[in-house]
Amino acid sequence: MSFPLLTATAVLPALGAIATAAVPAARRVAAKWLALLVSLGTLALAVVTLVRFDPGGARYQLTESHAWIPDFGVRYQLGVDGIGVALVALTALLIPFVILAGWHDADPMETGSRRWRPTQGFFALILAVEAMVIISFEATDVFLFYVFFEAMLIPMYFLIGGFGDRAHEHGDEAAATQRSYAAVKFLLYNLVGGLIMLAAVIGLYVVAGSFSLQEIVHARADGSLHMATSTERWLFLGFFFAFAVKAPLWPLHTWLPNAMGEATAPVAVLITAVVDKVGTFAMLRFCLQLFPEASEWATPAILVLALISIVYGALLAVGQRDIKRLVAYASISHFGFIILGIFAMTSQGQSGATLYMVNHGISTAALMLVAGFLISRRGSRLIADYGGVQKVAPVLAGTFLIGGLATLSLPGLAPFVSEFLVLVGTFARYPVAGIIATFGIVLAALYTLVLYQRTMTGPVKAEVAEMPDLRVRELLVVAPLIALLIFLGVYPKPVTDIVNPAVEQTMSDVHKTDPRPEVEAAK
């Protein structure tokens with residue numbers, strides 16, 4: 001029996017979470033180092049998984065299958081395709097940076113404060129989220145996926161509600177109330193989506209007699225399983241609603257700005273760069289593969305919602321006064337691009353959407369973590385409280401600029417390639433949608449450059465005159481992310497080679513081929 005690599009990649013952070021939580025209260029530093037080492041070990045396993053994955057091989061590789069609840073046909077069934085393995089690698093890559101960036105976010109509050117932050121709990125919860133997200137990317141049993149899709153809400157709830165942004169925290173009850181509101185809103189929105197999905201999961205089992213993704217897809221392909229059109233559409237809507245909440249897609253997005261605004265910067269990265277990717281990934285893996293006819297039926301409405309997300313998120317980002325909420329609304333716009341690419345039903349669009357998931361994770365992590373370092377120095381999230389930072393902290397300002405330029409998809413940085421592919425794929429089948437989506441690019445340039453101008457340029461404000469530049473630990477967080485943004489912007493082939501075969505198979509599942517270009521015959 002071969003080594004269960006996929007299980008190990010998910011179990012290691014889970015065991016690390018338990019071990020970190022068990023570290024004695026007085027050994028906070030040891031808990032931090034333990035969490036960091038576990039995250040690096042998980043990254044090593046993810047790299048081995050990536051190396052062992054053969055893009056030209058079987059669709060699902062490194063598979064594992066064991067009986068879990070035999071009476072209900074539930075199996076512990078894992079496997080990764082090119083899309084899943086890329087997102088497992090992204091998750092494992094980002095968690096060490098999240099831990100390093102949040103190194104002091106759960107330290108005890110200042111003397112005289114009544115609050116004590118359980119450092120061990122903070123890092124244990126991060127590792128728990130990592131374990132649940134990774135197994136969600138690996139699960140090929142629908143019920144197994146659902147369990148961890150919902151379970152990850154619990155540690156995220158405590159990370160948002162229990163470890164809020166210190167820049168907004170001065171011992172007052174208002175900050176605690178806002179943090180609690182954001183955490184509860186996050187939990188309720190996602191729980192409602194999850195409960196609707198649970199009804200759809202049960203309905204799928206009643207119709208198909210199995211929870212296995214491969215078995216259901218194969219049965220549909222060979223004609224041994226037939227779903228009534230109305231049944232398929234209702235089941236699709238149950239799955240899609242839950243994924244749209246997680247993504248988040250307009251109008252189910254309103255929990256995200258609250259959650260990212262009140263969370264620490266590393267937890268905000270965990271939300272939008274890691275957890276939210278489960279929603280868009282699941283649209284590709286479950287919605288399109290299980291319900292191809294319903295996916296095509298719903299495509300026009302979903303494209304409209306994606307376009308609204310792109311333009312609406314970007315417009316609200318332009319008007320924000322809070323740095324973290326600006327990044328949150330920018331992410332809503334970016335998720336609109338991802339969903340647009342998925343439902344454009346072209347190979348370029350879906351390849352671009354998958355690449356966008358990876359690149360958005362890296363670029364948002366870079367921008368939000370640098371923003372977190374900036375906010376921790378000044379003690380304010382308001383853009384108006386800054387000015388002239390580039391004169392006193394040039395390295396911080398420079399990395400902030402690169403993260404911002406990646407957010408607006410500047411050519412030469414990673415998000416440009418993915419956004420370009422999404423637009424090309426959308427234009428090929430839905431030219432009007434492609435034209436509307438380009439307005440999001442213009443607005444992205446506006447909110448990014450205005451943010452940089454108001455915070456980094458101009459006269460130096462007295463409150464930032466003594467602001468220190470990035471420290472060694474902070475450079476260790478930011479420098480690799482910046483390097484990746486440049487590398488993947490210039491040479492995205494390593495990622496596209498992995499995801500393209502999986503995209504082609506997904507296109508086959510929905511019985512779609514790329515539209516042929518309409519070219520006038522030469523006279």
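What's counted below: heavy atoms across the whole structure, side chains too, no hydrogens, waters or symmetry copies.
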So CG of L303 and OH of Y430: to nearest 0.5 Å the spacing works out to 5.5 Å
Heavy-atom side-chain contact between V499 and L355 under 4.5 Å:
no
When rounded to the nearest 0.5 Å, the distance separating CD1 of I308 from CD1 of I332 is 13.0 Å
So, do Y312 and H253 have ring centers that fall under 6.0 Å from each other?
yes
Y356 and E419 side chains, donor-acceptor separation under 3.5 Å
yes
Considering only heavy atoms from C-beta outward, does the side chain of L305 approach that of F343 to under 4.5 Å?
no
Interatomic spacing from CD1 in I302 to OG in S309 - rounded to 0.5 Å
11.5 Å
What do the steps show when you test R75 against S65 for side chain to side chain donor-acceptor pair (under 3.5 Å), and what is the final call?
CA-CA 7 Å; R75 298 188 64 81; S65 184; 2.8 Å; yes
Would you say the side-chain atoms of Q505 and Q289 include a donor-acceptor pair closer than 3.5 Å?
no
Report the distance from atom CG of L195 to atom CD of E150, rounding to the nearest 0.5 Å.
6.5 Å
Kindly state whether the ring of F243 and the ring of F149 have centres lying under 6.0 angstrom apart.
yes
Would the distance check show the side chain of S363 and the main-chain N or O of H360 forming a donor-acceptor pair, the cut-off being under 3.5 Å?
yes
Is any side-chain heavy atom of F143 closer than 4.5 Å to a side-chain heavy atom of I202?
no
Under 4.0 Å between a Lys/Arg side-chain N and an Asp/Glu carboxylate O for D509 and R220?
no
Contact check, side chains of L144 and L78, non-hydrogen atoms, under 4.5 Å
yes
When rounded to the nearest 0.5 Å, the distance separating CZ of F337 from OG1 of T426 is 9.0 Å
With no hydrogens and no angle check, just 3.5 Å: does a side-chain donor-acceptor pair link T91 and E130?
no
Ion pair present between R233 and E293, side-chain N to carboxylate O less than 4.0 angstrom?
yes
Side chain to side chain, M227 and F291, heavy atoms closer than 4.5 Å:
yes
Name the atoms and distances for all side-chain donor-acceptor pairs under 3.5 Å in residues 182-194, with sequence neighbours left out.
| unit_1 | atom_1 | unit_2 | atom_2 | d |
| --- | --- | --- | --- | --- |
| K185 | NZ | T254 | O | 3.4 |
| K185 | NZ | N258 | OD1 | 3.2 |
| Y189 | OH | T254 | OG1 | 2.7 |
| N190 | ND2 | F186 | O | 2.8 |

If we count only N and O atoms by modelled type, under 3.5 Å, do the side chains of N500 and S351 hold a donor and an acceptor together?
yes
Taking it one step at a time, do L94 and L481 satisfy side-chain contact (heavy atoms from CB on, under 4.5 Å)?
CA-CA 9 Å; L94 291 180; L481 296 174; 4.0 Å; yes
Check: S333 side chain, G313 main-chain N or O, donor-acceptor pair, under 3.5 Å
no
